[in-house]
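Lettering of chains follows the sequences in order, A, B, ..., and the numbering in each one begins at 1. Everything numeric in this text was worked out from a predicted model, so none of it was measured.
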Protein chains: 4
Amino acid sequence: MENFRQIGLLGRVAEAKVRDTITHLERFLTEFGVEVLLEERVADALPALDSRSGTISMIGETCDLAVVVGGDGTLLGAARELARYDIPLLGVNQGRLGFLTDILPDHVEERVGAILKGEYKLEKRFLLEAVLERDGQPIGKSQAVNDVVLDSGKSARMIEYELYIDDYFVYSQRADGLIVSSPTGSTAYALSAGGPIMHPRLDALVVVPMFPHTLSTRPIVVDGNSDIKIVIGANNPVNPQLNCDGQVNFSAAPGDVVRVHKRRHSFKLVHPLEHNYYAACRDKLRWGESLDRECYDT
Amino acid sequence: MENFRQIGLLGRVAEAKVRDTITHLERFLTEFGVEVLLEERVADALPALDSRSGTISMIGETCDLAVVVGGDGTLLGAARELARYDIPLLGVNQGRLGFLTDILPDHVEERVGAILKGEYKLEKRFLLEAVLERDGQPIGKSQAVNDVVLDSGKSARMIEYELYIDDYFVYSQRADGLIVSSPTGSTAYALSAGGPIMHPRLDALVVVPMFPHTLSTRPIVVDGNSDIKIVIGANNPVNPQLNCDGQVNFSAAPGDVVRVHKRRHSFKLVHPLEHNYYAACRDKLRWGESLDRECYDT
Amino acid sequence: MENFRQIGLLGRVAEAKVRDTITHLERFLTEFGVEVLLEERVADALPALDSRSGTISMIGETCDLAVVVGGDGTLLGAARELARYDIPLLGVNQGRLGFLTDILPDHVEERVGAILKGEYKLEKRFLLEAVLERDGQPIGKSQAVNDVVLDSGKSARMIEYELYIDDYFVYSQRADGLIVSSPTGSTAYALSAGGPIMHPRLDALVVVPMFPHTLSTRPIVVDGNSDIKIVIGANNPVNPQLNCDGQVNFSAAPGDVVRVHKRRHSFKLVHPLEHNYYAACRDKLRWGESLDRECYDT
Amino acid sequence: MENFRQIGLLGRVAEAKVRDTITHLERFLTEFGVEVLLEERVADALPALDSRSGTISMIGETCDLAVVVGGDGTLLGAARELARYDIPLLGVNQGRLGFLTDILPDHVEERVGAILKGEYKLEKRFLLEAVLERDGQPIGKSQAVNDVVLDSGKSARMIEYELYIDDYFVYSQRADGLIVSSPTGSTAYALSAGGPIMHPRLDALVVVPMFPHTLSTRPIVVDGNSDIKIVIGANNPVNPQLNCDGQVNFSAAPGDVVRVHKRRHSFKLVHPLEHNYYAACRDKLRWGESLDRECYDT
């Protein structure tokens, strides 16, 4: 594995614990002989640090690793911004493990040290691109690591839409909305909505209806290269909202078309060698623990 | 069974088919010797009809039966308005059967005729009352036949709340929202959200979380006389919305308390003698039809 | 509350920890001045104890409280045997709390002491009775605290049946089987099969299909006094099995009829005053713990 | 597309309708100038037919297309037997469409005629291989088109097992059993058990627990080349059963290991050009039909 020489440092600096971890990391990396580039908001929040600072684009262009300190959400944001560059990301979490951030502050020296020595593995994750079209013209485009959600944007209101996959008509549906999720997002919102867990290595998308009217509808898993097309019913009384990774991006109108597909640019996560995806599942979804509902023993 | 002598006529008169059915019904009832009171919007929409007209309150005070023409939604609205009076309701649907409206236009003479001769059964349905409290004071009150829904009112946003039932702490939860449903509402929104079907005769409420963060949460069915209390987390970044029967009624604030309990006044549905609740389920939920997924036959 | 003077002691004596707890309890109760009657298997396993011994029927006839040491399954068995007598049950669990057994060995003196002083509450729980009929004649009868399950009894085989509730036809179904559960059983097998949680105070039954062919089928909750009738399809290629509380009781035949209804005799659980049903749910279903899937924070 | 010149004919000849369709097909194919080879059970059941007959192996070795008349189950059986040969399969259903058999008897001449003229598409489907190991040695091996199921084989009994995917430990679980399904099987048993629909083109497996004890367990979708390993708990009181496509193949013992992976040989389905996978979903899962639960309209 390639050794990292130039490392960008990002993080949710509004949190004191994150600032502490970044301060610790900067010193550790510098002492290790690696050059550190602080994202400018990090440099502003931590003026005592000596390393150079720069924009996130500079990190993308000049660094060969970006270390992101915060929760999974912080890493999602960094991944969306850095995906156009060919720079891998390493997540350091606060408090407890995440699905994307698998180093705890207490293990920073040990784990990051090993990674700097070339002991790591790379995992490719793709992003989704959502395009909103009106009258056949794209009027908005956005990207997501986890999921694209189209919903009514209003309390207790349904929307009507038609779903097409690779130009095949799938169904017309009345529901609170629809989630299109990547494997990365399959343990996030889509999971609460009844979707399956998809291993990150799987090249697939899942389409999960939200509270569908038709009770026999089920999540549909398709090849990662599929084109998802959602035609918003012309008679919808509301303006559906289009979200990427939980952030409202566009207000759609009846008759609009939403297209979702894999982005050309993917990103890479750096994991310690001992990383195990299912360990994160067990930890975060409480699988490890038996319920001991000993109802039928005698 | 008591014979009905004075009948109020209501309906969704924006629809031509409803107007036709009401016209037909008015003549049929008058010829049968029953006195008809047209709800005033009905009288306005159908000036050719001879019967007297009056407000919905007059119907509640002076009639001994209200016939409602339209879908289940039309009957829900009438039930909320007429529940304070002791008047039973009979639903006549358009096109296809509903859960609440079980007479089709083609059977009006036969079925309504039988009912006028005293051949019917009465079924009691209760309503829910939702009270919104701020700083310990009620600041809003509303009622629902189907369900009370508290949600974020925004696209892809969670709310945090604590649930108490009869003053026992149940859990704190992060979710899109929470549904409290009556048996009548158990085949509506709560069903799409994973709640069980509850027979209308059951004296119970069901609490159904919407896309809960904690995957082991399940719908909870409690006695109909239970007090449901939802404490909206003080740190919620959004103003949750409180809906009754799918109509936004109140915008709540972090720290507010929502209480839901059975209303003192219930209402009665009139059914033809051959009415069968499960037939409506089979018809509307497509139970009757086997899927014949003959995957393992040889 | 009545004070208990004569206490029967039962338990799963195959376990060393249970024997220790029983030994401890016997001494504690005797010192408290209460008369103890050891169930005969307990007396056999613990010959050093001085108290009198007797059959479980003697406990039912002469004691005013039965203390059951073991898991929920042990208490289920005792409840089935003692329900015909009017004797309340108190469950002492091993290791961790149960849904039915809410005293831990470490709290025996404190909690049982309080109960002996009259500080307790009583909770009524009902039992189910299952009757198997062939050619119109009952050929077997059994009872259950949790649930009655009719299934194919074979790996990967479906059965066909018709469901009737209070003599109303509900549906014909092809499924692995069908669960009829009491509120007590709603946190056991029925919960794994997708049924709702039903508060023990609720007077209701739930019918939960097991892997039904028709995807729009849902659990149905009905009044506790309902009669459930399952007509086993005459063309079933297998002999379905009828279980009560997880113990195979009867092998049914195609064309047989299974009836399930509430038993006339119920039983009472004794709880410490601080008992809270939802605390057991939180503990056993891991509700208390937030997953902190912070996917959308920034 | 290649033109088919030598066609094998198979079917569930116990059914009169199947025999009629085969008789019709044989005449149609012969008149079309194609050589027909009747599977020997077909020839026995229909002695009036003139075409040659042979074993299923002969069909696999000498024909360039196998036409299977019956339901999806008939096609599953033929696929398992013919997968070792490189012969595509075409399914003709009885009565209604299947997921695998998409030509109805009434359209035989039109659709099969088009296919004979080269107007068709081929779709690759893979099979699963299940190996049962005891003390590290394989003691049984079988294959499945739809799914491999390991369950207790008994009424209302759980089994305990550990799941490993690509040698990563996933979880230990107590459940009725576990389903490993291909995309082809995702609309069969796995769907009833809560699994997602997987498009046949997707190269993936899904692992679906059956009534798991841990409520937060979810179906897991993994790459089609994954190795699934199930270690049967050494303390299981029952002998779990291992099924392939719903047929009991092996009785396992506590401590045994079950391995499931994709088979080296896949098979091909022939579809008419107008074939659409989602149309079969809509038809068989009743998606096309809106429920019109018009609960909130006014």
Heavy-atom proximity to chain D below 4.5 Å, by part of A/Phe169 = both
NZ of A/Lys154: more than 12 outside heavy atoms within 6.0 angstrom?
-> no
Of all heavy-atom pairs linking D/Tyr171 and A/Arg282, the shortest is CA-CD, 4.4 Å
Between A/Asp166 and chain D, which part of the residue has a heavy atom less than 4.5 Å away: side chain, backbone, both or neither?
-> side chain
Does any non-hydrogen side-chain atom of A/Tyr278 lie less than 4.5 Å from one of D/Leu163?
-> no
So which of D/Val222, D/Val170, D/Asn276, D/Thr217 has the largest heavy-atom pair count under 4.5 angstrom toward chain A?
-> D/Val170
For chain D, which of A/Val208, A/Val206, A/Ile165 has the most heavy-atom pairs under 4.5 Å?
-> A/Ile165
How many angstroms lie between CH2 in A/Trp287 and CZ in D/Arg218, if you round to the nearest 0.5 Å?
-> 9.5 Å
Let me check something: any side-chain donor-acceptor pairs from residues 195-203 of chain A under 3.5 Å, sequence neighbours excluded? List them with distances.
| residue | atom | partner | partner atom | Å |
| --- | --- | --- | --- | --- |
| A/His199 | ND1 | A/Arg201 | N | 3.0 |
| A/Asp203 | OD1 | A/Lys262 | NZ | 2.7 |
| A/Asp203 | OD2 | A/Lys262 | NZ | 3.2 |

Greatest number of non-hydrogen atom pairs under 4.5 angstrom with chain D, of A/Val207, A/Ile220, A/Asp223, falls to A/Ile220
So NZ of A/Lys284 and OG of D/Ser216: to nearest 0.5 Å the spacing works out to 13.0 Å
